[in-house]
Amino acid sequence: MTVKNGLYKKILDDLTKAGISENQFTWYSLMIGAMAKGVEPGSRVFMNVFSNLLNDAQPLPGSVVACLTNLGMDVKEKIEKADQDLFAMPDDSFDKKLRLQTLADLSYGLSLGLTVNKEDGSLEKTNDRDILADLATISEVSKVDVEAELDETDLDNVVEFMLDVVTRYYQIHQQD
């Protein structure tokens, strides 16, 4: 898998400049999951997802709205192309602890995003066994021990699994 560190740094910088100083990759992957469920970037529902789930139901500042909308447009294109760098993982030049923490943040946000209701941005329950299995796997990844050894092949397999889940859900919800 080819990792483009520029994307990792760009997302981190863009969200930090917009005023999101913690858990940037949780915000980013929440976006990915919500869009996989059919939420359109920049829409009222799109903004409600972030406001309700990560901002204590408070309105988002204009700088955050603009940043999320711009990132959302880029994410949509990456999902449609099943871009291998959708999750913007840092490469092996970064500390393994940072890489594992980024993976944990990404999987946590993704698991939230995949439970979003595209009509109103609330979280929804599901009884679908396949969806529950995917969510269980992704949720387990969010519990990764950031002190553990990092196997590059395992990391690639996890990121590829998450990409597969996102592209599958996106295709399903584009038909709705």
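- A distance-only check finds no donor-acceptor pair linking the side chain of K118 to the backbone of G38 [under 3.5 Å].
- The ring-ring contact (aromatic ring centres under 6.0 Å, His included) pairs that include a residue from residues 48-69 are W27-F50, F46-F50, where partners are two or more places apart or lie in different chains.
- Distance check, rounded to the nearest 0.5 Å: CD1 of I79 to CD of Q174 gives 9.0 Å.
- Put simply, OG1 on T115 and CD1 on I131 are 10.5 Å apart, with the number rounded to the nearest 0.5 Å.
- Between P41 and V75 the shortest side-chain heavy-atom distance does not fall below 4.5 Å.
- Nearest approach of V159 to L103, heavy atoms of both residues: CG2-CD1, 4.4 Å.
- Legend: salt bridge (charged side-chain N to carboxylate O under 4.0 Å, His left out) pairs involving residues 38-60, not counting sequence neighbours, sorted by first then second residue: E40-K76.
- By the 4.5 Å heavy-atom criterion applied to side chains, Q101 and D95 are not counted as neighbours.
- Residues V116 and L112 are not in side-chain contact: their nearest non-hydrogen atoms beyond the backbone lie 4.5 Å or more apart.
- Not a single side chain to side chain donor-acceptor pair (under 3.5 Å) links K96 to another residue, sequence neighbours left out.
- Across all their heavy atoms, M162 and S107 have their closest contact at SD-CB, 4.0 Å.
- Nearest heavy atoms, N117 versus V45: O-CG1, 4.2 Å.
- Contact record, A82 with T167: CB-CG2, 3.7 Å, taken as the closest heavy-atom pair.
- Taking all atoms of both residues into account, the shortest heavy-atom contact from G121 to V49 is CA-CG2, 3.7 Å.
- For the atom pair CG (L163) and CG (D156), the distance works out to 12.0 Å, reported to the nearest 0.5 Å.
- A distance of 4.5 Å separates CE of M31 from CG of L68, quoted to the nearest 0.5 Å.
- Counting only residues at least two apart or on different chains, no side-chain hydrogen bond (donor to acceptor under 3.5 Å, both in side chains) pair has a member in residues 58-71.
- F87 has its side chain within reach of L110: a pair of non-hydrogen atoms, C-beta onward, lies under 4.5 Å apart.
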* **Evaluation steps, side chain to side chain contact (heavy atoms under 4.5 Å, CB included), between M89 and V158** => CA-CA 11 Å; M89 281 293 299; V158 168; over 6 Å; no

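- Legend: side-chain hydrogen bond (donor to acceptor under 3.5 Å, both in side chains) pairs involving residues 131-147, not counting sequence neighbours, sorted by first then second residue: K97-E147, D134-R168, D134-Y169, E140-K143.
- In terms of heavy atoms, A104 sits closest to V144 at CB-CG1, 3.8 Å.
- Taking CG of L114 as the start and CD1 of I32 as the end, the distance is 10.0 Å to the nearest 0.5 Å.
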Side chains of residues 11-23: which donor-acceptor pairs under 3.5 Å do they make with residues two or more places apart or in other chains?
from	atom 1	to	atom 2	distance (Å)
D14	OD2	K10	NZ	2.5
T16	OG1	L12	O	2.7
T16	OG1	Q24	NE2	2.9

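- At least one side-chain heavy atom of L123 sits under 4.5 Å from a side-chain heavy atom of L53.
- Here R99 contributes atom CZ and E152 contributes atom CD; the two are 4.0 Å apart, rounded to the nearest 0.5 Å.
- If you chain together hydrophobic residues whose side chains sit under 4.5 Å apart, L98 and Y28 fall into the same group.
- Using a 30° and 60° split on the angle between ring planes, F94 and Y8 fall in the perpendicular class, above 60°.
- Side-chain N/O atoms of T126 and D128 include no donor and acceptor closer than 3.5 Å.
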